[in-house]
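In what follows, a single structure is set out as structure tokens and then discussed.
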Amino acid sequence: MIRAARVGALFGLCASLLAGGARAQAAPDMEILPPPPKDVGFDQHIGDDVPLDATFQDEMGKAVHLGDFFADRPVVLQLAYDTCPMLCSLSAQGLVSSLKAMNLDAGSDFDIVTLSFDPRDTPERSRLKKSTAVARYDRPHGERGWHFLTGDEAQIKRVTSAVGFRYVWDAPAQQYAHPAGVVVLTPQGKIARYLFGIEYAAKDLRLSLVEASKGNLGTVVDQLLLLCYHYDPKAGKYGPMAIGAMRTAGTFTLLSLGGLVIVLVRRDRKNQKKALSSAKEGT
């Protein structure tokens with residue numbers, strides 16, 4: 001029972017810290033960045049075609065068309081740029097986590113195309129990004145099923161406009177403000193579904209791919225717009241998305257501790273009942 005009490009005390013302490021942090025985050029002096037630009041977001045173009053004739057370079061520097069990655073399998077399109085200072089890495093890790101939780105494999109059941117929307121990115125950078133992503137994914141056909149593309153601004157804009165991906169360059173911060181999410185495409189290159197955020201339920205992603213493989217289209221869904229911001233060293237504070245990520249992590253920690261307390265309390269009660277039963281039988 002002592003152990004449970006200790007964990008309970010720790011749980012209470014974490015709850016207090018999280019509540020205090022939430023109050024601090026809500027205070028006026030903790031407003032970190034200005035409201036997200038109105039021209040940043042995701043417009044859902046369900047049923048529209050992506051430009052399969054758009055030209056890019058793959059991670060090896062080879063000239064390719066977007067359509068080269070469409071045949072008989074659906075495609076997960078991820079828009080991200082290689083030099084994003086921090087939080088785009090969370091999106092990449094979240095996608096890998098979702099992919100690993102499915103019983104479908106990239107390279108055999110579907111393909112992934114990660115397109116950089118920064119025209120300054122190069123195949124060399126993308127090659128490093130692919131190496132990291134494929135190693136984390138750790139599936140047999142990951143190397144052949146995950147493609148990283150770079151290109152010039154005109155070709156990039158053709159794709160981003162087609163899928164409704166709106167982003168802007170923030171000159172003072174020297175980074176892009178952009179939404180987080182992926183687009184699921186049919187084998188014919190039609191937009192089938194959008195998944196928003198930095199990590200997706202495996203069952204949702206799997207269902208989207210299965211439906212897209214049949215040419216079925218989803219419907220427009222409500223979205224919780226997550227914008228890519230990062231830690232501002234000048235202000236010494238985190239941007240909105242970083243705070244959201246920390247809140248999520250804190251909530252998960254509290255739930256985990258709460259579950260542990262419940263398990264320990266139940267175990268102690270069972271032990272006490274057993275001890276009482278043994279004592280009665282002895283008398």
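Just so we're clear, the structure is a prediction, and the values are computed from it rather than from any experiment.
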ask   = Taking atom CG of Leu104 and atom CZ of Arg139, what is their separation to the nearest 0.5 Å?
value = 8.5 Å

key: Stepwise side chain to side chain contact (heavy atoms under 4.5 Å, CB included) check, Arg193 with Gln44   = CA-CA 8 Å; Arg193 192 178 296 271; Gln44 300 177 57; over 6 Å; no

request  = Please report the shortest heavy-atom distance between Ile46 and Ala192, naming the atom on each side.
outcome  = CD1-O, 3.6 Å

ask   = Hey, is the main chain of Tyr176 close enough, under 3.5 Å, to the side chain of Tyr81 for a donor-acceptor pair?
value = yes

request  = Look at the side-chain heavy atoms of Ile, Leu, Val, Met, Phe, Trp and Tyr, link any pair under 4.5 Å apart, and say whether Val183 and Leu66 land in one connected group.
outcome  = yes

request  = Calculate, to the nearest 0.5 Å, the distance between atoms CZ and CG belonging to Phe69 and Leu52 respectively.
outcome  = 11.5 Å

request  = For atom CD of Glu153, decide whether the heavy atoms of other residues, nucleotides or ligands shown that lie under 6.0 angstrom number more than 12.
outcome  = no

request  = Please check if Met102 and Leu77 belong to a single hydrophobic cluster, counting links between Ile, Leu, Val, Met, Phe, Trp and Tyr side chain heavy atoms closer than 4.5 Å.
outcome  = no

inquiry  = If I compare all heavy atoms of Ile156 with all of Phe117, which pair ends up nearest, and what's the gap?
reply    = CG2-CA, 3.6 Å

request  = Salt-bridge test for Arg158 and Asp53: reply yes if a basic N is under 4.0 Å from a carboxylate O, no otherwise.
outcome  = yes

inquiry  = Determine whether a donor-acceptor pair (N or O, by modelled atom type, separation under 3.5 Å) exists between the side chain of Asp121 and the backbone of Asp82.
reply    = yes

ask   = Rounded to the nearest 0.5 Å, how far does OG1 of Thr55 lie from CG of Asp68?
value = 10.5 Å

inquiry  = Quick check against the 3.5 Å criterion: does Tyr194 have a side-chain atom that pairs as donor or acceptor with the backbone of Phe42?
reply    = no

ask   = So which of Leu115, Leu79, Val159 actually passes side chain to side chain contact (heavy atoms under 4.5 Å, CB included) with Phe165?
value = Leu79

remark   = Here the pair of heavy atoms bringing Asp109 nearest to Arg73 is C-CD, 3.5 Å

key: Value rounded to 0.5 Å, distance of CG in Leu128 from OG1 in Thr122   = 8.5 Å

inquiry  = Can you tell me how far apart NZ (Lys214) and CG (Leu209) are? Round to the nearest 0.5 Å.
reply    = 12.0 Å

inquiry  = Under 4.5 Å between side-chain heavy atoms, counting indirect links through other Ile/Leu/Val/Met/Phe/Trp/Tyr residues: same cluster for Phe196 and Val163 or not?
reply    = yes

request  = Look at the side chain of Gln174 and the backbone N and O of Ala171, then say whether any donor-acceptor pair between them is shorter than 3.5 Å.
outcome  = yes

message = Can you give me the closest heavy-atom contact between Asp58 and Pro123, atom names plus distance?
response = O-CB, 3.5 Å

inquiry  = I'd like to know if the side chain of Ser131 and the backbone of Arg127 have a donor-acceptor N/O pair within less than 3.5 Å.
reply    = no

message = Test your reading of the model: is there a side-chain donor-acceptor pair from Glu59 to the backbone of Phe148, 3.5 Å cut-off?
response = yes

query = Could Arg136 and Trp146 be counted as a cation-pi pair, given that NZ or CZ must be under 6.0 Å from the ring centre and within 45° of the axis?
reply = no

request  = Evaluate the side-chain proximity of Lys129 to Thr114: yes if any heavy-atom separation is below 4.5 Å, no if none is.
outcome  = no

note = What one should report as the nearest heavy-atom pair of Ala133 and Val96 is O-CG2, 4.2 Å

key: Steps toward side-chain hydrogen bond (donor to acceptor under 3.5 Å, both in side chains) verdict (Glu199, Ser98)   = CA-CA 6 Å; Glu199 190 167 349; Ser98 302; 4.6 Å; no

query = Any donor-acceptor pair under 3.5 Å linking the side chain of Lys100 with the backbone of Asp138?
reply = no

task = Please check if Leu205 and Val113 belong to a single hydrophobic cluster, counting links between Ile, Leu, Val, Met, Phe, Trp and Tyr side chain heavy atoms closer than 4.5 Å.
result = no

message = With clusters defined by side-chain heavy atoms of hydrophobic residues (ILVMFWY) lying less than 4.5 Å apart, directly or transitively, does Tyr137 cluster with Ile198?
response = no

ask   = How long is the span from the NE2 atom in His45 to the CD1 atom in Ile191, to the nearest 0.5 Å?
value = 7.0 Å

key: Least distance between heavy atoms, Arg125 atom then Thr83 atom   = NH1-CG2, 3.4 Å

query = Does Gly215 offer a backbone N or O that forms a donor-acceptor pair with the side chain of Lys190 under 3.5 Å?
reply = no

Side chain to side chain contact (heavy atoms under 4.5 Å, CB included), paired with Phe110, selected from Val76, Val75, Val184 = Val76

